[in-house]
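Encoded as structure tokens, the structure appears first; notes follow it.
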2 protein chains.
Amino acid sequence: MSASLATASTAAAWPMPQAGRMAPPSDDLNLVGPTVTFSRDQEIHGEGEPAEHVYKVVRGAVRAFRILADGRRQISDFYLPGDTFGLEAGLTYRTSAEALIDTQVIVVRRGSLTDGALEDSDLARRLWRLAVGDLQRSQDHVLMLGRRSAAERVASFLMDLAERMKAGSRLELPMSRQDIADYLGLTIETVSRTLTQFQESGLIEVPACRSIRLPDMRALAELCE
Amino acid sequence: MSASLATASTAAAWPMPQAGRMAPPSDDLNLVGPTVTFSRDQEIHGEGEPAEHVYKVVRGAVRAFRILADGRRQISDFYLPGDTFGLEAGLTYRTSAEALIDTQVIVVRRGSLTDGALEDSDLARRLWRLAVGDLQRSQDHVLMLGRRSAAERVASFLMDLAERMKAGSRLELPMSRQDIADYLGLTIETVSRTLTQFQESGLIEVPACRSIRLPDMRALAELCE
DNA sequence: CGGCCCGTTGAAGCTAATCAATGGCCGTGG
DNA sequence: CCACGGCCATTGATTAGCTTCAACGGGCCG
């Protein structure tokens with residue numbers, strides 16, 4: 001199973017039509033606000049900065065990460081079009097966020113959300129779902145990292161991304177091999193070698209670095225456990 | 001840093017006096033309901049079962065986990081006295097929960113919480129904090145599992161537990177080595193060997209399997225990165 | 001056309017897993 | 001009270017898989 005497949009087909013404490021990451025419109029914040037464009041590798045917000053804004057991806061993709069003391073980078077999540085990020089419990093951002101590619105986001109002041117939630121229980125409900133959705137994704141990430149082989153991790157990653165990008169069997173990766181490695185807790189070499197093995201086994205086709213075809217998603221899914 | 005130390009000293013979207021896992025009373029659900037006692041290894045709820053109850057640990061300790069297809073077990077969290085668990089977004093529990101030792105919990109029907117949250121924005125606020133607290137813990141768990149050595153993982157685990165149990169430098173472990181291994185994504189042998197190394201380095205003392213002294217928490221903290 | 005960055009490939013080393021056996025604690029029963 | 005048995009933890013030896021170090025290649029942009 002892929003990480004996000006594991007969370008599919010659940011409903012909400014407040015009724016939720018679908019618990020997958022890609023929330024249906026009715027389950028989503030109808031954020032209104034200015035759209036801002038960030039170019040490749042540009043910082044959207046930094047770890048420790050005051051968490052004044054909430055963002056929703058319109059176009060492009062984003063990585064959220066932390067830098068450890070020795071320089072290693074752990075990517076905690078990728079955000080794709082339709083995803084909301086930057087909604088913190090605390091006063092500050094707990095991760096940094098950067099655009100993976102040229103990315104357009106809607107920017108909303110946090111206060112407008114939290115103030116509204118005090119009055120509007122429907123808004124509060126949506127905020128709750130966002131937080132819980134992130135929690136489920138993070139727990140699935142834990143399952144992915146704990147005692148799983150490189151092949152299992154990469155297969156889970158590809159299946160998850162294919163589902164989230166609704167791209168069918170043709171994946172256009174917005175992130176580099178290094179990004180994938182830092183998300184999966186592997187080295188770039190191991191990611192590269194694993195993809196090569198998948199290719200040799202006929203599990204995937206890689207016409208270009210950032211373009212991957214998944215001709216046999218069933219076999220790939222079995223690798224995910 | 002320990003996993004939970006990393007989350008300390010933040011405040012809330014709604015003002016939150018302290019964001020650590022061990023919520024202060026004002027930040028906690030004042031759950032009222034019958035208390036139930038579970039004996040060692042007894043199941044409290046199972047993965048996939050209808051999520052009808054929410055639990056709060058009074059005494060003892062609990063593990064939440066999933067069994068993977070090949071039999072491996074990933075523990076996603078431990079719950080200690082004061083912790084609330086079982087609050088799901090979906091209709092079903094996403095993990096199984098078992099008592100680590102003889103454990104007393106308060107049991108509340110979920111409906112009484114979610115119904116109340118529609119009326120009572122203060123209750124909704126507390127539920128939000130619970131969900132976000134779990135999220136932060138899960139994200140810290142990801143940081144712990146991604147590309148960290150066995151020594152780093154074990155050191156982080158000990159520091160985290162010491163803080164959560166408010167036990168100072170004397171830790172009484174409620175869980176077995178196998179539980180620790182399944183939480184850290186290691187084998188029981190590696191956990192054991194790492195503890196022995198720590199002992200030989202004078203970092204810890206282990207008068208009994210389940211009893212660990214931390215005479216040099218500063219040195220231990222440095223191992224956590 | 002040239003340089004640079006990213007990805008791939010190769011070889012060697014190391015960490016943790018695996019396989020296997022011993023040791024110690026605890027509960028039970030003699 | 002002591003002896004036995006079972007379970008959990010520890011320790012040892014070997015193996016496997018991933019990382020590390022290093023070099024090469026290929027695509028993209030100037």
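Residue numbers start from 1 in every chain, and the chains themselves are labelled A, B, ... in the order their sequence lines are given, proteins ahead of strands. What's counted below: heavy atoms across the whole structure, side chains too, no hydrogens, waters or symmetry copies.
- Comparing dT20(D), dA17(C), dT9(C) by their closest approach to the side chain of T196(A) singles out dT9(C).
- Between E47(A) and R94(A) no salt bridge is recorded (no basic side-chain N to carboxylate O distance below 4.0 Å).
- When rounded to the nearest whole Å, the span between CE of M175(A) and P of dG7(C) equals 12 Å.
- Atom C1' of nucleotide dG7(C) and atom CD1 of I212(A) are separated by 12 Å, given to the nearest angstrom.
- Here the P atom of nucleotide dG7(C) and the CG atom of L186(A) are 15 Å apart, to the nearest Å.
- Judged by closest nucleotide on DNA chain D, S176(B) is the one of R193(B) and S176(B) placed further toward the 5' end.
- Residue L195(B) is out of contact with every strand shown, counting any heavy-atom pair closer than 4.0 Å.
- With distances taken from any side-chain atom of T187(A) to the nucleotides dA9(D), dT20(D), dC8(D), the minimum falls on dT20(D).
- Checking side-chain atoms of R72(A) against main-chain N and O of I67(A) turns up no donor-acceptor pair under 3.5 Å.
- To the nearest angstrom, P of dA9(D) lies 18 Å from CD of Q197(B).
- The shortest distance between side-chain heavy atoms of Y55(B) and V36(B) does not fall below 4.5 Å.
- Where I188(A) and R147(A) each meet DNA chain C at their nearest nucleotide, the meeting point lying more 5' is that of I188(A).
- Within a 6.0 Å sphere centred on CZ of R40(B), heavy atoms belonging to other residues, nucleotides or ligands number 12 at most.
- The base of dC21(D) lies close enough to the side chain of E189(A) for a donor and an acceptor atom to sit less than 3.5 Å apart.
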